[in-house]
Amino acid sequence: QVQLVESGGRLVQAGDSLRLSCAASGRAFSIFAMGWFRQAPGKEREFVAGISWSGDTTSYADSVKGRFTISRDNAKNTVDLQMNSLAPEDTAVYYCAAGFPPQFTTPQDVGDTETQYHYWGQGTQVTVSS
């Protein structure tokens, strides 16, 4: 199995930037996709961004496209989420997720739904004040 630990969440003001990190351990960092999801109070968990093992393929929710950037460093077993131009609507607990075959079978595969991922972190709180 793999363990995922998110970090970087904090209180920020609207318009600020924030970088979240996710560290993976317990399994070789190879041929698996990573993703970020978030859950706001009273809402379902939603997809934010995903990245393939190779790092060449990414996917973003329409609500964050152009503002957020997902990246990974396979040598360090980490995946980051750079968030710019934050707004109060971005307030949520952000979760890191990892997915493996058969849901992801090539280094270029990326997913945008919860059921595609196998492992989840505990989440990190991001609060954006107006």
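Note that the structure is predicted; figures quoted are calculated from it, not measured.
Of the candidates V64, T127, V128, T91, V128 is the only one forming a side-chain contact (heavy atoms from CB on, under 4.5 Å) with L86.
Of all heavy-atom pairs between G111 and Q116, the closest is CA-OE1, 3.2 Å. For D112 against S59, the heavy-atom pair with the smallest separation is CB-OG, 4.4 Å. Shown here for A14 and S130, the closest heavy-atom pair between the two residues is CB-CA, 4.4 Å. V110 approaches I51 most closely through the heavy-atom pair CG2-N, 3.4 Å.
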Run the side chain to side chain donor-acceptor pair (under 3.5 Å) check on D56 and S52 step by step: do they pass? CA-CA 7 Å; D56 294 333; S52 66; over 6 Å; no
Check against side chain to side chain donor-acceptor pair (under 3.5 Å), Q103 and H118: CA-CA 9 Å; Q103 286 76 19; H118 300 85; 2.9 Å; yes
Test side-chain contact (heavy atoms from CB on, under 4.5 Å) on S25 and Q1 and set out the steps. CA-CA 9 Å; S25 63; Q1 64 180 152; over 6 Å; no
Determine, step by step, whether Q39 and E46 satisfy the side-chain contact (heavy atoms from CB on, under 4.5 Å) criterion, reporting the C-alpha distance in whole Å, the side-chain angles of both residues, the deciding distance to 0.1 Å, and the verdict. CA-CA 6 Å; Q39 187 168 25; E46 65 176 352; over 6 Å; no
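We find the CZ-CG distance between F32 and N74 to be 7.0 Å, quoted to the nearest 0.5 Å. Atoms OG1 and NZ, from T58 and K65 in turn, are 8.0 Å apart once rounded to the nearest 0.5 Å. Between L81 atom CG and R72 atom CZ the span is 13.5 Å, to the nearest 0.5 Å. A distance of 10.0 Å separates CG in N84 from CG in D16, rounded to the nearest 0.5 Å. Once rounded to the nearest 0.5 Å, the distance linking CG of L20 with CZ of R10 reads 10.0 Å. T78 contributes atom OG1, which lies 9.0 Å from atom CE of M34 (distance to the nearest 0.5 angstrom).
Between Y94 and M83 there is a side-chain heavy-atom pair separated by less than 4.5 Å. For the pair D109 and T57, the minimum side-chain heavy-atom distance is 4.5 Å or more. The shortest distance between side-chain heavy atoms of I70 and Y60 falls below 4.5 Å. For the pair L18 and V126, the minimum side-chain heavy-atom distance is below 4.5 Å. Taking 4.5 Å as the limit, every side-chain heavy atom of W36 sits out of range of all side-chain heavy atoms of F47.
Under the 4.5 Å side-chain heavy-atom criterion for Ile, Leu, Val, Met, Phe, Trp and Tyr, L4 and V48 are members of the same hydrophobic cluster.
Within a 6.0 Å sphere centred on CD of Q122, other residues, nucleotides and ligands contribute 12 heavy atoms or fewer.
Partners of Y95 under the ring-ring contact (aromatic ring centres under 6.0 Å, His included) rule, at least two apart in sequence or in another chain, do not exist in this structure. Every side chain to side chain contact (heavy atoms under 4.5 Å, CB included) that S85 has, sequence neighbours left out, goes to R67.
Taking the ring centroids of Y117 and F104, they lie under the 6.0 Å cut-off.
D80 and Q82 share no side-chain donor-acceptor pair at under 3.5 Å.
A distance-only check finds no donor-acceptor pair linking the side chain of T124 to the backbone of E6 [under 3.5 Å].
Seen from the ring of F68, R38 does not count as a face-on cation partner, given the 6.0 Å and 45° thresholds.
Residue pairs that meet the disulfide (SG to SG under 2.5 Å) test with at least one member in residues 76-130, sequence neighbours left out, are C22-C96.
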